[in-house]
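Structure first, commentary second.
Chain A is the first sequence line, chain B the second, and so forth, proteins listed ahead of strands; every chain is numbered from 1. Note that the structure is predicted; figures quoted are calculated from it, not measured.
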Protein chains: 2
Amino acid sequence: MTDLDIAEVAHRAGVPASTLRFYEEKGLIASIGRRGLRRQYDPGVLERLALIGAGRTAGFSLDEIGRMFAPDGQPRIDRQVLAAKAEELDRTIRELGVLRDSLRHAAACPAPSHMECSTFRRLLKAAASRAAAGARKRTARRS
Amino acid sequence: MTDLDIAEVAHRAGVPASTLRFYEEKGLIASIGRRGLRRQYDPGVLERLALIGAGRTAGFSLDEIGRMFAPDGQPRIDRQVLAAKAEELDRTIRELGVLRDSLRHAAACPAPSHMECSTFRRLLKAAASRAAAGARKRTARRS
DNA sequence: TCTTGACCTCAAGTCGACTTGAAGTAGGAC
DNA sequence: GTCCTACTTCAAGTCGACTTGAGGTCAAGA
């Protein structure tokens, strides 16, 4: 009776049941059986969902995440991939830091228009050169 | 002759021309005229595109970004909104920082499986509780 | 002058990650 | 035994941000 009903998993993991079915269809999670029609899950699914959530936050697609699990279901993540993702994330963080500072400055700046503020323009130039440099990358979910 | 052809803008800003047309349709940028059929842009559009790009990186939708420009085209952003966005961004940054550190650790951790690493499990727990607590938010584009 | 190729418009398609709707079913309360 | 409700399946819809395709135009080079 340690098994969890889909509703229980949904509640504990903070995702709708439809998402759990969707993840199952994609092979990201598996139910351990049914009670009547209802899916029952091993409590370990919560950990797995947390892993999926962390991966999503880090910017992995569901397909990428799926490939991070060994056939036996154990997470077997390539450490090189992790390190690369950490680096990428670090670049994003620095970029967002610049942006945050720009926003803060613009909020406090007394210039009548932000475009007349040298600090703001400098930040924009920095953002522009970074944008021009890099190829377009995929999304990273916040929160 | 300081005006820029759409191809030039696309190249310099690092976005395809189709995106520029799309942004124009959405009212995010404006062309200053045409040479034959071809859009010509004021060099200032590059700055504006940088602003748009920065906003996208920060997770703002194009509609949100559009609302940050006054009808005259000058960025005239409500300073309170800016300050609030800066705060939000700051929270995101801190979250991503934790995630980055976790990734770095997992990459370096000697445990045979990440699931046997207490730090990794701690990260998962943290991620899980955050996920369970908060509503789902929108995406933030990296790079 | 003629060709070429990069641009043009407009509608429709794509992609990821889900969500929603219709129609059906079973376990538990009464 | 019957009813309610939360689940079930499967297909289709949604949303944001673009991209693609078909059919057309025009400035510049051969």
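Mapping B:Asp63 and B:Arg38 onto DNA chain D by nearest heavy atom places B:Asp63 closer to the 5' end of the strand. Of the residues near DNA chain C, A:Gly36 and A:Lys26, the one whose nearest nucleotide (by heavy atom distance) lies more toward the 5' end is A:Lys26.
Of the listed nucleotides (C:dC7, C:dT9, C:dC18), C:dC7 has the atom at the smallest distance from the side chain of B:Ile6. With distances taken from any side-chain atom of B:Arg21 to the nucleotides D:dC7, D:dA17, C:dC8, the minimum falls on C:dC8. The side chain of A:Leu37 lies closest to D:dT8 when the candidates are D:dC18, C:dC8, D:dT8.
OP1 or OP2 of C:dT19 has at least one side-chain nitrogen or oxygen of A:Ser18 nearer than 4.0 Å. B:Thr19 has a side-chain polar atom (N or O) that falls below the 4.0 Å cut-off from OP1 or OP2 of D:dT19. OP1 and OP2 of D:dA17 both lie 4.0 Å or more from every side-chain N or O belonging to B:Tyr23. Taking side-chain N and O atoms only, B:Arg39 has a distance below 4.0 Å to OP1 or OP2 of C:dC8.
The heavy-atom pair separating A:Ile65 from A:Ile52 by the smallest distance is CD1-O, 3.6 Å.
Using a 4.5 Å heavy-atom cutoff, the side chains of B:Arg122 and B:His105 are not in contact.
The separation between B:Arg35 atom CZ and C:dG5 atom P is 20 Å, rounded to whole Å. For the pair A:Glu25 CD and D:dA12 P, the interatomic distance rounds to 14 Å; values are reported in whole Å. For B:Gln40 and C:dA6, the CD to C1' distance is 13 Å, given to the nearest whole Å. Counting to the nearest Å, the C1' atom of D:dA17 and the CZ atom of B:Phe22 are 5 Å from each other. Between the P atom of D:dC18 and the CG atom of B:Leu28 lies a distance of 9 Å, rounded to the nearest Å. Computed from coordinates, the B:Glu24 CD to C:dC8 P distance equals 9 Å when rounded to whole Å. Taking atom CG of residue A:Leu4 and atom P of nucleotide D:dA6, one finds them 19 Å apart after rounding to whole Å. Remark: P of C:dC18 and CG of A:Leu20 are 11 Å apart, rounded to the nearest angstrom.
Taking 4.0 Å as the cut-off between side-chain N and carboxylate O, B:Arg121 and B:Glu116 do not count as a salt-bridged pair. Ion pair A:Asp90/B:Arg104 flagged as a salt bridge, since at least one NZ, NE, NH1 or NH2 atom sits closer than 4.0 Å to an Asp/Glu carboxylate oxygen.
For the pair A:Arg48 and A:Phe69, the cation-pi test (distance below 6.0 Å, angle within 45°) is passed.
At a threshold of 4.0 angstrom between heavy atoms, the contacts of A:Ala7 are confined to the sugar-phosphate backbone, with no base atom among them.
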